[in-house]
Protein chains: 2
Amino acid sequence: MALHMSSANPSPDFAERLREAGLRPTRQRVALARVLFEGDHRHVTAESLHAEVKATKIPVSLATVYNALNQFRDAGLLREVVVAPGRSYFDTNIGHHHHFFVETDNELHDFPSHDVTVEGVPAPPAGTQVSRVDVIVRVRR
Amino acid sequence: MALHMSSANPSPDFAERLREAGLRPTRQRVALARVLFEGDHRHVTAESLHAEVKATKIPVSLATVYNALNQFRDAGLLREVVVAPGRSYFDTNIGHHHHFFVETDNELHDFPSHDVTVEGVPAPPAGTQVSRVDVIVRVRR
DNA sequence: TGCATCTTTAGAAATATTCTAAACTACTTG
DNA sequence: CAAGTAGTTTAGAATATTTCTAAAGATGCA
Ligand SMILES: [Mn+2]
Ligand SMILES: [Mn+2]
Ligand SMILES: [Zn+2]
Ligand SMILES: [Zn+2]
């Protein structure tokens, strides 16, 4: 019986992916990319990612985690989802989708947007262009 | 020619409204309620509201503004809209509506939801109930 | 290998929000 | 209307998140 391949990463050459994004593949950035991108899609906070990477014995400071997350986001490798004051998640799923946010336990779950339609939104304010539409469905237990 | 009445406040008895919400109508809370509720709908931050109320010569601390905003929100007098890390707005419009967020100048604009439909949202995670659906249309100049 | 440039880091700083505990005030009851 | 009490406000400290600084370190190119 064959092992499953990770869905989105047939050849996990993280150094190459970073170079393509215009970022030097440093030890810290490669370690962060590996944790972020080698498995299924994730929603991480700076703190949670920092804890995970430190557990792999690669030395990395929290400032570097913030730097890298902001750079990855600016390069289009991640998107940022803000659900509550002081609760910012970085999302490795950069395709079109929306979120359930379970307020009672601070969990974020994806749902695909291919079935979701947001209709009837009026024209944006004069002189502006839409950059993204976020739908957050807040739920509680 | 008659003066217009403020749309939502035919009799602006703020003390009474606070009592109905289970809050003692203290000098600070009445002053905050007046600024928040006497005109049209508003989107304020704790800092901006603090500055406004201090300008009316009612002494009020920033801690009290935070306390009051959280209490007003918990009482259903306000809702909170989080658009970016560290940018939380309190919204005096508690009816169903959604927002344009102009990222380039941190402005929040309402749009009515009576024309907006969000369709195709899957069933929420098992054991949870939807408390609210937020649609934020992010735009830039 | 040498060098310029970019990156990482510890620690300080900035920002936003909450907490503490003491002083104060609104409502109740006599 | 004079207590009494429970709720409220406050300054300042604390917490939490994120960014900045400047010095040391790593990367990639010649
Ligand atoms: Mn950021
Ligand atoms: Mn809050
Ligand atoms: Zn997601
Ligand atoms: Zn609004």
Side-chain angles (χ1 to χ4, degrees), chain A residues 13-35 43-51 53-54 56-75 77-90 106 108, chain B residues 13-35 43-51 53-54 56-75 77-78 80-90 103 106 108:
Chain A
D13 186 346
F14 298 110
E16 188 50 33
R17 280 175 69 175
L18 289 170
R19 261 187 224 97
E20 279 162 18
L23 297 168
R24 280 193 186 170
T26 63
R27 196 148 70 108
Q28 284 77 10
R29 293 207 276 227
V30 171
L32 290 163
R34 190 185 314 283
V35 168
H43 299 113
V44 303
T45 63
E47 282 289 353
S48 74
L49 180 61
H50 184 221
V53 172
K54 274 197 308 188
T56 70
K57 305 297 183 195
I58 310 286
V60 60
S61 72
L62 184 56
T64 294
V65 174
Y66 274 105
N67 289 342
L69 286 172
N70 289 332
Q71 291 154 350
F72 291 5
R73 178 202 55 212
D74 293 347
L77 267 33
L78 291 176
R79 67 188 259 199
E80 190 171 4
V81 183
V82 182
V83 292
R87 298 207 72 81
S88 190
Y89 291 89
F90 288 86
N106 284 325
L108 202 55
Chain B
D13 187 346
F14 298 109
E16 188 49 35
R17 280 175 68 175
L18 290 170
R19 260 189 224 96
E20 279 162 17
L23 297 168
R24 282 194 185 172
T26 63
R27 197 147 71 107
Q28 284 77 12
R29 292 206 276 226
V30 171
L32 290 163
R34 190 186 312 283
V35 168
H43 299 113
V44 302
T45 63
E47 282 287 354
S48 76
L49 180 60
H50 184 221
V53 171
K54 274 196 308 188
T56 69
K57 305 298 181 192
I58 310 286
V60 60
S61 72
L62 184 56
T64 295
V65 174
Y66 274 104
N67 288 343
L69 286 171
N70 287 333
Q71 291 153 349
F72 290 4
R73 178 203 54 213
D74 293 347
L77 268 32
L78 291 175
E80 191 171 3
V81 183
V82 182
V83 291
R87 297 206 72 81
S88 188
Y89 291 89
F90 287 87
E103 299 175 323
N106 283 324
L108 202 56

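In what follows, chains carry the letters A, B, and so on, assigned in the order in which the sequence lines appear, proteins first and then strands, with residues in each chain numbered from 1. Everything quoted here is computed from the prediction, not taken from an experiment.
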Item checked: Test item: A/Leu77 and A/Phe90 side chains (from C-beta on) under 4.5 Å apart, heavy atoms ->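 Answer no - side chains too far apart.
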Check: Got a second to check how far B/Asn70's CG is from B/Leu78's CG, nearest 0.5 Å?
Finding: 9.5 Å
Checklist line | A/Arg17 CZ to A/Phe72 CZ distance, which is reported to the nearest 0.5 Å | finding: 9.5 Å
Next item on the list: Verify side chain to side chain contact (heavy atoms under 4.5 Å, CB included) between B/Val53 and B/Val65, making sure each step is shown before the conclusion.
Entry: CA-CA 9 Å; B/Val53 171; B/Val65 174; 5.9 Å; no
Check the distance between [N]'s [atom2] and [X]'s [atom1] and give it to me in whole angstrom.
{"X": "A/Tyr66", "N": "C/dA14", "atom1": "OH", "atom2": "P", "value": "18 Å"}
{"X": "A/Asn106", "N": "D/dA16", "atom1": "CG", "atom2": "C1'", "value": "14 Å"}
{"X": "B/His50", "N": "C/dA16", "atom1": "NE2", "atom2": "C1'", "value": "14 Å"}
{"X": "B/Glu47", "N": "C/dT18", "atom1": "CD", "atom2": "P", "value": "13 Å"}
{"X": "B/Leu49", "N": "C/dT17", "atom1": "CG", "atom2": "P", "value": "13 Å"}
{"X": "A/Asn70", "N": "C/dT7", "atom1": "CG", "atom2": "C1'", "value": "15 Å"}
{"X": "A/Leu18", "N": "D/dG28", "atom1": "CG", "atom2": "P", "value": "11 Å"}
{"X": "A/Glu80", "N": "D/dT17", "atom1": "CD", "atom2": "P", "value": "14 Å"}

Next item on the list: Check whether any side-chain N or O of B/Arg19 sits under 4.0 Å from OP1 or OP2 of C/dC27, and answer yes or no.
Entry: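 For C/dC27, OP1 or OP2 has a side-chain N or O of B/Arg19 closer than 4.0 Å.
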Check: Do you know which two heavy atoms are closest between B/Ser88 and B/Val82, and how far apart they sit?
Finding: OG-CG2, 4.0 Å
Next item on the list: Using modelled atom types only, decide if a donor and an acceptor are shared between the side chain of A/His50 and the backbone of A/Val60 within a distance under 3.5 Å.
Entry: yes
Next item on the list: For B/Arg19, enumerate each residue passing the salt bridge (charged side-chain N to carboxylate O under 4.0 Å, His left out) test, keeping only those at least two apart in sequence or located in another chain.
Entry: B/Glu16
Note to self: Which residues pass the salt bridge (charged side-chain N to carboxylate O under 4.0 Å, His left out) test with A/Arg79, not counting sequence neighbours?
What the structure shows: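 Checked A/Arg79 against salt bridge (charged side-chain N to carboxylate O under 4.0 Å, His left out); matches are A/Asp134.
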With the criterion being N/O to N/O and under 3.5 Å, what pairs connect the protein with nucleotides 1-3 of chain D, and how long is each?
none

Show me the donor-acceptor pairs within less than 3.5 Å that the side chains of residues 22-33 of chain A make with the rest of the protein, sequence neighbours left out.
residue	atom	partner	partner atom	Å
A/Thr26	OG1	A/Arg29	N	3.2
A/Gln28	NE2	A/Pro59	O	3.2
A/Arg29	NE	A/Arg24	O	3.1
A/Arg29	NH1	A/Gln71	OE1	2.9
A/Arg29	NH2	A/Arg24	O	3.3

Next item on the list: Go through the structure and list residues passing side-chain contact (heavy atoms from CB on, under 4.5 Å) with A/Tyr89, not counting sequence neighbours.
Entry: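 Applying side-chain contact (heavy atoms from CB on, under 4.5 Å) to A/Tyr89 gives A/His43, A/Thr45, A/Val83, A/Arg87, A/Phe101, A/Asn106, A/Leu108.
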Check: Per the end-axis method with five pairs at each terminus, what is the bend angle of the helix from C/dT1-D/dA30 to C/dG30-D/dC1, to 10°?
Finding: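 Axis-to-axis angle, ends of the helix: 30°.
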Next item on the list: Sugar-phosphate atoms are those with a prime plus P, OP1 and OP2; base atoms are the rest. Using that split, label each nucleotide of nucleotides 7-15 of chain D B, S or - for protein heavy atoms under 4.0 Å, 5' to 3'.
Entry: SSSBS----
Next item on the list: Can you sort out the partners of A/Thr56 under side chain to side chain donor-acceptor pair (under 3.5 Å), two or more places apart, ordered by chain and number?
Entry: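 Checked A/Thr56 against side chain to side chain donor-acceptor pair (under 3.5 Å); zero matches.
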